[in-house]
Amino acid sequence: MELAQQVAVITGGARGIGRAIALELARRGAWVVVNYASSRGEAEQVVAEIKARGGEAVGHQADVASLKEACGLVEAALALFGTVDILVNNAGIARDNLLLRMKEEEWDQVLQVNLKGVFNCTKASLRPMLKQRRGRIINISSVIGLAGNVAQANYAAAKAGIIGFTKAVAKEVAPRGITVNAVAPGFIATDMTASLPAEIQEEYRRRIPLGRSGTAADVARVVAFLASPAADYITGEVIRVDGGLAI
Ligand code: NAI
């Protein structure tokens, strides 16, 4: 129970990678706030699953793209559990299109949720972390932010932005005992990738040296490691969890 009595806020925690992170942190003893934008039923299921295993969890609706709602999310965690020790910025969307065809709103939506959302939730969580001189911020980037991808200029820009943000904030808050790291997943089997055409999914799997797509649990274990005391001396790092895809 290495995360016993640590309070963890996970954005987009109702589905996919966020859900796996919520379950993994709870399994290690953390009290979990499962944020969701619209997947209320799925968030309630995650909360019920954690409670059934003897853990502590609560769901909270908030659009991370809104600073006001991000602050509300952190305030809810403070009201219920007294602090925030771990923030996992996981919420994300994709609106793929070739740049020539990309609509302004496809660019804006992806930047607003994937990058501004990270700013919003990090800013909202910093005060309690600074006060207790301890905290872990873990941002879910992507190998697309490292290598780029056709039809994903918006997504790649946001995910690369997260890496710059991670390093800048890591330097800024290190003297206060807070670490900030990023995880860059490769091709992970979730709703997000299930919506890709079958031939593109197959092409990804063919390019992965370890020979399989990743699971949400593969990513969740690395996030749990970064949240754990084993990662005390790691900050400003980006860990790829991609089966070698971006080598
Ligand atoms: P998903 O679509 O299954 O889950 C995304 C979650 O974010 C959902 O629960 C959704 O409700 C939530 N969300 C979306 N907009 C939100 C908003 N405005 N406010 C609050 N929550 C919001 O996708 P998946 O695959 O689980 O992705 C999780 C993260 O991992 C994302 O940041 C994604 O970009 C990243 N990622 C995923 C990869 C993959 O292969 N699945 C690869 C690399 C990164």
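Counting begins at 1 with the first residue of the sequence. Counting starts at 1 for both ligands and their atoms, following the listed order.
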* **Proximity flag Ala62 to ligand 1, non-hydrogen atoms under 4.0 Å** =>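 The answer is yes: ligand 1 sits under 4.0 Å from a heavy atom of Ala62.
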* Asked: Is the shortest N/O to N/O distance between Ser142 and ligand 1 below 3.5 Å?
  ->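 There is no such contact.
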* Based purely on interatomic distance, does Thr190 place a nitrogen or oxygen under 3.5 Å from a nitrogen or oxygen of ligand 1? ->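 N/O-N/O distance under 3.5 Å: yes.
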Location of contacts on [X] toward ligand 1, heavy atoms closer than 4.0 Å:
X      : value
Ser141 : backbone
Asp63  : both
Val64  : both
Phe187 : backbone

* To do: Consider only side-chain N and O atoms of Asn139 and Thr166, and report whether a donor and an acceptor are under 3.5 Å apart.
  =>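 A pair is found: one side chain offers a donor N or O, the other an acceptor, under 3.5 Å apart.
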* **More than 12 heavy atoms from other groups under 6.0 Å of CZ on Arg40** =>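 Count not over threshold, so no.
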* To do: From the options Val219, Ile140, Asn90, select the one whose nearest heavy atom is closest to atom 32 (O) of ligand 1.
  =>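 Heavy atom nearest to atom 32 (O) of ligand 1 belongs to Asn90.
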* Hey, are the side chains of Ile162 and Leu115 touching, using non-hydrogen atoms and a 4.5 Å cut-off? ->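 Contact flag for Ile162/Leu115 side chains = yes.
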* Asked: For Thr193 and Gln201, what are the C-alpha separation, side-chain angles and deciding distance, and is it a side chain to side chain donor-acceptor pair (under 3.5 Å)?
  -> CA-CA 7 Å; Thr193 46; Gln201 293 191 41; 5.8 Å; no
